[in-house]
Amino acid sequence: MQARAHEAAAPPKRTCIGCRRREDQAVLLRLAVEEIGGVATVVLDPVRRRPGRGAWMHREPECVELAVKRRAFGRAFRANVDSSAVVDQLRAHDEAATTAGPRHPNRPT
């Protein structure tokens with residue numbers, strides 16, 4: 001059976017390398033590998049256009065910790081990679097969000 005033109009296609013699904021839950025691609029962060037100083041380093045890919053194999057992860061600290069514990073970065077990229085910079089960046093973002101407190105929807109940030 002063919003999809004009809006007026007029916008919207010389902011958004012792409014991806015699996016979080018931390019918790020392994022499948023989500024819409026729009027909900028997850030894309031990670032990629034970049035060669036920095038001769039070392040394959042995991043970096044955030046906010047525009048989702050970096051070349052090569054990508055990995056997907058929730059921004060939640062639990063997913064970051066699970067990915068580190070399970071050594072999921074190396075498996076996702078099928079290579080030995082340095083994930084410390086992106087892990088530190090995600091942890092710092094979480095700490096900043098926690099100390100900033102809840103956002104008020106009617107107040108500019």
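Both backbone and side-chain heavy atoms feed into the values below; hydrogens, waters and symmetry mates do not. If you read the sequence from its start, that first residue is 1, and numbering goes on from there. Everything numeric here is computed off the predicted structure, so don't read it as measured data.
Under a 4.5 Å side-chain heavy-atom criterion applied to ILVMFWY residues, the cluster that includes Val47 comprises that residue alone. Through direct or relayed side-chain contacts under 4.5 Å between Ile, Leu, Val, Met, Phe, Trp and Tyr, Leu28 connects to Trp56. Connectivity analysis of hydrophobic side chains (ILVMFWY, heavy atoms under 4.5 Å, direct or indirect) links Ile36 to Val43.
Interatomic distance, Cys19 SG to Glu62 CD, rounded to the nearest 0.5 Å: 9.5 Å. Taken from CE in Met57 to OG in Ser83, the straight-line distance is 8.5 Å, to the nearest 0.5 Å. For the atom pair OG1 of Thr15 and CZ of Arg20, the computed distance is 5.5 Å after rounding to the nearest 0.5 Å. In this structure, CG in Asp24 is found 4.0 Å from NZ in Lys13, a value given to the nearest 0.5 Å.
With hydrogens and angles disregarded, no donor-acceptor distance shorter than 3.5 Å links the side chain of Arg14 to the backbone of Arg22. With Arg75 contributing its side chain and Ile17 its backbone, the two residues share no donor-acceptor pair below 3.5 Å.
Remark: Arg91 engages Glu65, Val68, Val87, Asp88 in a side chain to side chain contact (heavy atoms under 4.5 Å, CB included) (not counting sequence neighbours). For the side chain to side chain contact (heavy atoms under 4.5 Å, CB included) test, no residue two or more places apart in sequence or in another chain qualifies with Pro51. With sequence neighbours excluded, no residue satisfies salt bridge (charged side-chain N to carboxylate O under 4.0 Å, His left out) with Asp94. In this structure Val33 satisfies the side chain to side chain contact (heavy atoms under 4.5 Å, CB included) test together with Ala40, Phe77, Val81, sequence neighbours excluded. With sequence neighbours excluded, the residues that form a side chain to side chain contact (heavy atoms under 4.5 Å, CB included) with Ser84 are Asp82. Remark: Gln89 pairs with no residue by the side-chain hydrogen bond (donor to acceptor under 3.5 Å, both in side chains) rule, at least two apart or across chains. Remark: Arg21 pairs with Glu23 by the salt bridge (charged side-chain N to carboxylate O under 4.0 Å, His left out) rule, at least two apart or across chains.
At a threshold of 4.5 Å between non-hydrogen side-chain atoms, the residues Arg53 and Arg78 count as touching.
Listed by first and then second residue, the side-chain hydrogen bond (donor to acceptor under 3.5 Å, both in side chains) pairs that reach into residues 39-52 are Arg30-Asp45, Glu34-Arg50, sequence neighbours excluded.
Across all their heavy atoms, Gly18 and Leu66 have their closest contact at O-CB, 3.5 Å.
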